[in-house]
Amino acid sequence: MSESYQGYVDLRSDTVTRPTSAMREAMYQAEVGDDVYGEDPTVNQLEEYAAHLLGKEASLFVPSGTMANQIAILTHTQRGDEVFIHRDNHIYYYEGGAAAMWSQATFTQLAGPEGLMSPEDLEASIRPKNIHHPRPRLLSLENTHNRAGGAALSRERLRPLIEVARRHQLQVHLDGARIANAAIALGVPIAELTEDVDSVSMCLSKGLGAPVGSVIAGSKAYIDQARVYRKWLGGGMRQAGILAAAGIYALDHHIERLADDHRRALTLAQALIDMGYRVDMPSVPTNMVMVDLDVPVDGVISALKTAGILVGAMGPRRLRLVTHLDVDDEGIQRTIDAFAHLTPAKG
């Protein structure tokens, strides 16, 4: 049996959140139908709501963020097409090479700070039309950027890359799993951060606290095709309104409160810095704290677990701590106290 972590401060990820009692009640009360037939009123409501929030014509409810991104690539590309992506983006780094199986696109990886390649590097990577080259088709971006410490990327920072993409007739997909975090951190509407892209995915099951699900948004024609690919991948659910109701509740009640997660992450980061830990802070932080150690992470993770604190690893000597709605101020203080006893691990 899996281990129970009740009573722990769980900072491994914002995916560990549990539905609140009010969200569970909304799920219990949900009106349902067969969504594959388009007859689930709660799913339809969620898709209309999400499309409006993301500034697009239509959206599609899917079981997971990985499925959302893979459907997005399938819908944009044909086999052998070239996708330009930062080498640390979730789609390339954490989705099991799924694009090689489903879309069979080829990825050109680029580097740069905070999860962004430079416009000049992108420009230089787009080769002229030639029988020897794949067709350049898609630019894929991520906001917030997970491996860059949850960096929130403004429209102004994304726009130069999108302008290069447009000059070369590329489509643009945004992995916006935590796009609500970015919008709250930057103090702008979510739709401002998605206005310039052709498609966007957004997770409902991370900081927003729903138990399951993501949405993809784009034009109506794009989502009509994405619906076909959802069926191919086994993502067509039936009485999914029970899950969609949690998503609606999350969008209604859990966006503005993301500011609390950001505040707690900043409190934790500052306390660790004051204790002498090396903390890698992005220019616009959100709900993640990256801690670089002078020792391997395994022993530190084990010691923290003994103290009732769960954290994740982002490398052999890097910890990731993620705040979310199930971590309160007391939990942050418990975490600070636990780190205070790890002096040998400090940078």
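Side chains included, hydrogens not; waters and symmetry mates left out as well; all remaining heavy atoms used.
Judged by the 6.0 Å distance and 45° axis criteria, Arg87 is not positioned over the aromatic ring of Tyr92.
Considering Asn69, Leu153, Asn143 in turn, Asn143 is the only one that fulfils the side-chain contact (heavy atoms from CB on, under 4.5 Å) rule with Leu174. The side-chain hydrogen bond (donor to acceptor under 3.5 Å, both in side chains) with Arg264 is formed by just one residue from the set Asp329, Asp328, Thr323; it is Asp329.
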TODO: Would you check, one step at a time, whether the test side chain to side chain contact (heavy atoms under 4.5 Å, CB included) holds for Asp261 with Leu258?
DONE: CA-CA 5 Å; Asp261 298 341; Leu258 293 172; 3.7 Å; yes

- [ ] Go through Arg155 and Glu195 one step at a time and tell me if the salt bridge (charged side-chain N to carboxylate O under 4.0 Å, His left out) criterion holds.
- [x] CA-CA 9 Å; Arg155 186 184 184 191; Glu195 182 175 346; 3.4 Å; yes

Open item on the list: Quick one, Asp292 with Arg278, criterion salt bridge (charged side-chain N to carboxylate O under 4.0 Å, His left out). Give me CA distance, side-chain angles, the key distance, then yes/no.
Closed with: CA-CA 5 Å; Asp292 292 315; Arg278 291 198 306 270; 5.1 Å; no

TODO: Quick one: do Trp232 and Ile71 satisfy side chain to side chain contact (heavy atoms under 4.5 Å, CB included)? Show the steps, please.
DONE: CA-CA 10 Å; Trp232 283 15; Ile71 289 172; over 6 Å; no

TODO: List the steps and the verdict of salt bridge (charged side-chain N to carboxylate O under 4.0 Å, His left out) for Asp14 and Arg178.
DONE: CA-CA 10 Å; Asp14 45 11; Arg178 297 179 175 91; 2.8 Å; yes

Open item on the list: Please evaluate residues Cys203 and Ser214 with respect to the criterion side chain to side chain contact (heavy atoms under 4.5 Å, CB included), reporting the C-alpha separation (whole Å), side-chain torsions for both, the decisive distance (0.1 Å), and the verdict.
Closed with: CA-CA 4 Å; Cys203 279; Ser214 288; 3.1 Å; yes

Task: Asp337 and Gln333: CA distance, side-chain angles, deciding distance, side-chain hydrogen bond (donor to acceptor under 3.5 Å, both in side chains) verdict - done: CA-CA 6 Å; Asp337 293 342; Gln333 189 58 54; 2.9 Å; yes

TODO: I would like to know whether Arg157 and Glu114 meet salt bridge (charged side-chain N to carboxylate O under 4.0 Å, His left out); could you show each step before the answer?
DONE: CA-CA 11 Å; Arg157 294 190 67 186; Glu114 296 200 341; 2.5 Å; yes

TODO: Step by step, work out the side chain to side chain contact (heavy atoms under 4.5 Å, CB included) result for Thr335 and Leu321.
DONE: CA-CA 10 Å; Thr335 304; Leu321 293 75; 4.0 Å; yes

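Across all their heavy atoms, Ala245 and Met27 have their closest contact at CB-CA, 4.0 Å. What you find for Ala313 and Ile301 is that their closest heavy atoms are CB-CD1, 4.0 Å. Asp326 approaches Val16 most closely through the heavy-atom pair OD2-O, 4.1 Å. Heavy atoms only, all atoms of each residue included: Ala183 and Ile190 are closest at CB-CG1, 3.6 Å. Contact record, Ala152 with Ala185: CB-CB, 4.0 Å, taken as the closest heavy-atom pair. Counting all heavy atoms, side chain and backbone alike, Tyr249 lies closest to Ala22 at OH-CB, 3.1 Å.
Remark: Arg263 CZ is packed, more than 12 non-hydrogen atoms of other residues, nucleotides or ligands lying under 6.0 Å away. Open room surrounds CD on Glu256; 12 or fewer heavy atoms of other groups in view lie less than 6.0 Å from it. Remark: Arg79 CZ is loosely packed, at most 12 non-hydrogen atoms of other residues, nucleotides or ligands lying under 6.0 Å away.
Linking ILVMFWY residues whenever their side-chain heavy atoms come closer than 4.5 Å, directly or via other members, leaves Ile223 and Ile179 in distinct clusters. No continuous path of ILVMFWY side-chain contacts below 4.5 Å connects Ile273 to Val322, so the two sit in separate hydrophobic clusters. In the hydrophobic clustering of ILVMFWY residues, with side-chain heavy atoms under 4.5 Å counting as a link, Phe107 and Leu170 come out apart. Grouping the Ile, Leu, Val, Met, Phe, Trp and Tyr side chains by contacts below 4.5 angstrom, directly or via other members, places Tyr93 apart from Trp102. Under the 4.5 Å side-chain contact rule for hydrophobic residues, Val279 and Met288 do not share a cluster.
Proximity of the aromatic rings of His90 and His145 is defined here by a centroid distance below 6.0 angstrom, and this criterion is not met.
Rounding to the nearest 0.5 Å places CZ of Arg18 at 13.5 Å from CE of Met23. Within the model, atoms CD of Glu163 and CZ of Arg159 stand 7.0 Å from one another, a figure rounded to the nearest 0.5 Å. Here OG of Ser118 is found 7.5 Å from CG of Leu161. Values are rounded to the nearest 0.5 Å. To the nearest 0.5 Å, atoms CD (Glu57) and NE2 (His52) are separated by 14.0 Å. Interatomic distance, Leu141 CG to Ile162 CD1, rounded to the nearest 0.5 Å: 6.0 Å.
With a 4.5 Å cut-off on side-chain heavy atoms, Thr42 and Ile248 count as touching. The side-chain heavy atoms of Pro282 and Met290, taken from C-beta on, include no pair separated by under 4.5 Å. Residues Met237 and Pro63 have side chains in contact (heavy-atom distance under 4.5 Å, counting atoms from C-beta outward). Residues Phe84 and Gln109 form no side-chain contact, since every pair of their non-hydrogen atoms from C-beta on lies 4.5 Å or further apart. Looking only at side-chain heavy atoms (C-beta outward), Leu110 and His86 stay at 4.5 Å or farther from each other. For the pair Met67/Ser64, a side-chain contact is recorded, criterion being any heavy-atom separation below 4.5 Å from C-beta on. In this structure the side chain of Pro316 never reaches within 4.5 angstrom of the side chain of Val297, judged on heavy atoms. Leu46 has its side chain within reach of Leu251: a pair of non-hydrogen atoms, C-beta onward, lies under 4.5 Å apart.
Using a 4.0 Å cut-off between charged nitrogen and carboxylate oxygen, Arg238 and Asp40 do not count as a salt-bridge pair. For Asp294 and Arg317, the salt-bridge test fails: no basic side-chain N is under 4.0 Å from an acidic carboxylate O. Ion pair Lys56/Asp198 not flagged as a salt bridge, since none of the NZ, NE, NH1 or NH2 atoms sits closer than 4.0 Å to an Asp/Glu carboxylate oxygen.
Side-chain contact annotation: Thr106 with Glu82, donor-acceptor N/O pair under 3.5 Å absent. No hydrogens or angles considered: nothing links the side chains of Asn146 and Tyr94 as a donor-acceptor pair under 3.5 Å. Counting only N and O atoms by type, the side chains of His168 and Glu123 include a donor and acceptor under 3.5 Å apart. His173 and Ser199 form a side-chain donor-acceptor contact under 3.5 Å, judged by distance and modelled atom types alone.
In this structure, Thr77 contributes its side chain and Ile73 its backbone to a donor-acceptor pair below 3.5 Å. Remark: side-chain polar atoms of Thr194 are paired, donor with acceptor, to backbone N or O of Leu54 under 3.5 angstrom. Tyr277 contributes a side-chain N or O that, together with a main-chain N or O of Phe339, makes up a donor-acceptor pair within less than 3.5 Å. When atom types are taken as modelled, the side chain of Gln171 and the backbone of Leu138 share no donor-acceptor pair closer than 3.5 angstrom. Of the possible polar contacts, none joining the Arg230 side chain to the Val62 backbone as a donor-acceptor pair under 3.5 Å is found.
Ring geometry for Tyr222 versus His76: interplanar angle of 30 to 60°, hence tilted.
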